[in-house]
Participant: 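My structure is below; once you've seen it, I'll send some questions.
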Amino acid sequence: MNAHSLVAESHLRQELSHKGFDMQGTPVMQDNGKLEVQANALEPVADDQGDALYATVPVTLWVSVDNHNKIEQIEGGNASPEAIDGARNFVKTLIANNQLDGLKNNPQPRATHQVEINEKGQRVIKRRRIQSLF
């Protein structure tokens with residue numbers, strides 16, 4: 001990978017971040033000239049009180065860029081129903097097993113995940129640490 005493509009990839013990563021996508025890996029150029037991008041997006045799920053939490057879900061995007069690597073169009077980017085259900089079930093499991101810290105004054109010192117507030121004011125679930133079995 002040359003310096004120009006690294007700069008272009010970095011720029012694309014930054015632009016997608018501003019649009020709510022966390023690019024994963026390296027984009028792949030398709031025969032139609034669009035970039036296929038694997039990314040994570042935030043999806044609203046509910047905590048045990050019915051309040052909104054956001055969990056990351058995998059999505060696929062097809063991105064068209066101009067000659068200056070500016071995004072012209074994004075297609076896709078919607079999580080599948082299965083991915084959304086998986087995220088909801090994951091959050092329910094975290095809560096049921098006291099592995100999610102940051103919910104309603106209910107500290108969980110051994111939690112593997114925590115709720116953080118992002119720059120948009122959304123309560124986002126983030127992995128904290130891996131708990132050792134020993």
Side-chain angles (χ1 to χ4, degrees):
M1 185 174 280
N2 64 35
H4 176 71
S5 61
L6 284 173
V7 169
E9 185 176 322
S10 176
H11 181 73
L12 178 62
R13 185 177 304 278
Q14 184 177 11
E15 277 201 63
L16 287 173
S17 177
H18 291 304
K19 297 184 182 301
F21 299 104
D22 179 20
M23 189 170 91
Q24 304 293 304
T26 303
V28 176
M29 181 62 75
Q30 301 296 298
D31 291 338
N32 61 7
K34 294 181 181 180
L35 295 168
E36 182 176 329
V37 177
Q38 301 303 313
N40 286 328
L42 291 178
E43 186 66 36
V45 296
D47 66 14
D48 58 344
Q49 303 294 312
D51 295 327
L53 286 174
Y54 288 82
T56 57
V57 292
V59 296
T60 301
L61 313 167
W62 290 270
V63 180
S64 300
V65 295
D66 64 17
N67 292 336
H68 303 288
N69 296 312
K70 296 273 187 196
I71 294 176
E72 292 182 324
Q73 181 181 13
I74 297 175
E75 297 173 33
N78 298 318
S80 70
E82 295 82 12
I84 294 169
D85 285 343
R88 286 187 180 126
N89 288 332
F90 180 67
V91 172
K92 287 178 185 176
T93 300
L94 287 175
I95 293 169
N97 291 299
N98 297 317
Q99 293 299 306
L100 184 58
D101 192 18
L103 296 178
K104 305 278 187 199
N105 298 321
N106 189 12
Q108 302 296 330
R110 303 190 111 207
T112 56
H113 292 73
Q114 65 189 34
V115 176
E116 295 179 1
I117 309 297
N118 69 10
E119 64 279 354
K120 294 180 181 178
Q122 298 167 315
R123 297 174 354 142
V124 180
I125 297 169
K126 298 283 186 170
R127 184 171 188 86
R128 182 189 312 186
R129 62 186 165 96
I130 297 174
Q131 184 173 341
S132 174
L133 297 176
F134 302 102

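Numbers here simply count residues along the sequence, with the first being 1. As the structure is a computational prediction, the values presented were derived from the model and not from experiment.
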Participant: Should side-chain heavy atoms under 4.5 Å link Ile, Leu, Val, Met, Phe, Trp and Tyr, which residues sit in the same cluster as V124?
Facilitator: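 Result for V124 is L42, Y54.
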
Participant: What pairs with Q38 under side-chain hydrogen bond (donor to acceptor under 3.5 Å, both in side chains), at least two apart in sequence or on another chain?
Facilitator: E36, T60

Participant: Taking side-chain hydrogen bond (donor to acceptor under 3.5 Å, both in side chains) as the definition, give me every residue that meets it alongside N40, ordered by chain and number, with sequence neighbours left out.
Facilitator: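 By the side-chain hydrogen bond (donor to acceptor under 3.5 Å, both in side chains) rule, N40 matches no residue at all.
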
Participant: Enter the distance from T56:OG1 to R127:CZ here, rounded to the nearest 0.5 Å.
Facilitator: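 If we round to the nearest 0.5 Å, T56:OG1 and R127:CZ are 11.0 Å apart.
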
Participant: Given the rule that I, L, V, M, F, W and Y join up when any side-chain heavy atoms are under 4.5 Å apart, are V91 and I117 in one cluster?
Facilitator: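 V91 and I117: separate clusters.
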
Participant: Which atoms form the tightest heavy-atom contact between V57 and A83, and what is the distance?
Facilitator: CG1-O, 3.8 Å

Participant: Which pairs with one or both residues in residues 56-75 pass salt bridge (Lys or Arg N to Asp or Glu O under 4.0 Å), sequence neighbours excluded?
Facilitator: K34-E75

Participant: Should L12 and W62 be counted in the same cluster of Ile, Leu, Val, Met, Phe, Trp and Tyr side chains packed under 4.5 Å apart?
Facilitator: no

Participant: Please name the pair of heavy atoms, one in L61 and one in A39, separated by the smallest distance, quoted to 0.1 Å.
Facilitator: CD1-CB, 4.2 Å

Participant: At what distance, to the nearest 0.5 angstrom, does CD1 of I95 lie from CD1 of I125?
Facilitator: 7.0 Å

Participant: Compare every heavy atom of F21 with every heavy atom of G77, then report the nearest pair and how far apart it is.
Facilitator: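 Residues G77 and F21, closest heavy atoms: O-CE2, 3.7 Å.
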
Participant: Starting at OG1 of T93, measure out to CD of Q99 and round the result to the nearest 0.5 Å.
Facilitator: 10.5 Å

Participant: Name all pairs fulfilling the salt bridge (Lys or Arg N to Asp or Glu O under 4.0 Å) condition that reach into residues 111-120, sequence neighbours left out, sorted by first residue then second.
Facilitator: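 Listed by first then second residue: nothing to list.
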
Participant: Quick one: do M23 and V28 end up in the same hydrophobic cluster if we chain Ile, Leu, Val, Met, Phe, Trp and Tyr together by side-chain heavy atoms under 4.5 Å apart?
Facilitator: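 Each belongs to a different hydrophobic cluster.
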
Participant: Where the side chain of R128 meets the backbone of Q114, is there a donor-acceptor pair that is under 3.5 Å apart?
Facilitator: no

Participant: Please say yes or no: joined through hydrophobic side-chain contacts below 4.5 Å, possibly via intermediate residues, are I84 and V59 part of one cluster?
Facilitator: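 No, I84 does not connect to V59 through the hydrophobic network.
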
Participant: Can you sort out the partners of K92 under side-chain contact (heavy atoms from CB on, under 4.5 Å), two or more places apart, ordered by chain and number?
Facilitator: N89

Participant: Check whether any side-chain heavy atom of E15 lies under 4.5 Å from a side-chain heavy atom of I74, and answer yes or no.
Facilitator: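 When only atoms from C-beta onward are counted, I74 and E15 do not touch, as no gap falls below 4.5 Å.
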
Participant: Let's go through V65 and H11 carefully: what are the C-alpha distance in whole Å and the side-chain angles of both, what is the deciding distance for side chain to side chain contact (heavy atoms under 4.5 Å, CB included) to 0.1 Å, and is it a yes or a no?
Facilitator: CA-CA 11 Å; V65 295; H11 181 73; over 6 Å; no

Participant: Roughly how far, to the nearest 0.5 Å, is CG of N97 from NE2 of H113?
Facilitator: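 Going from the NE2 atom of H113 to the CG atom of N97 covers 12.0 Å.
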
Participant: Is the side chain of Q108 donor-acceptor paired with the backbone N or O of L100 at a distance under 3.5 Å, no angle test?
Facilitator: no

Participant: How close do V115 and G102 get, counting heavy atoms only, and between which atoms?
Facilitator: CB-O, 4.0 Å

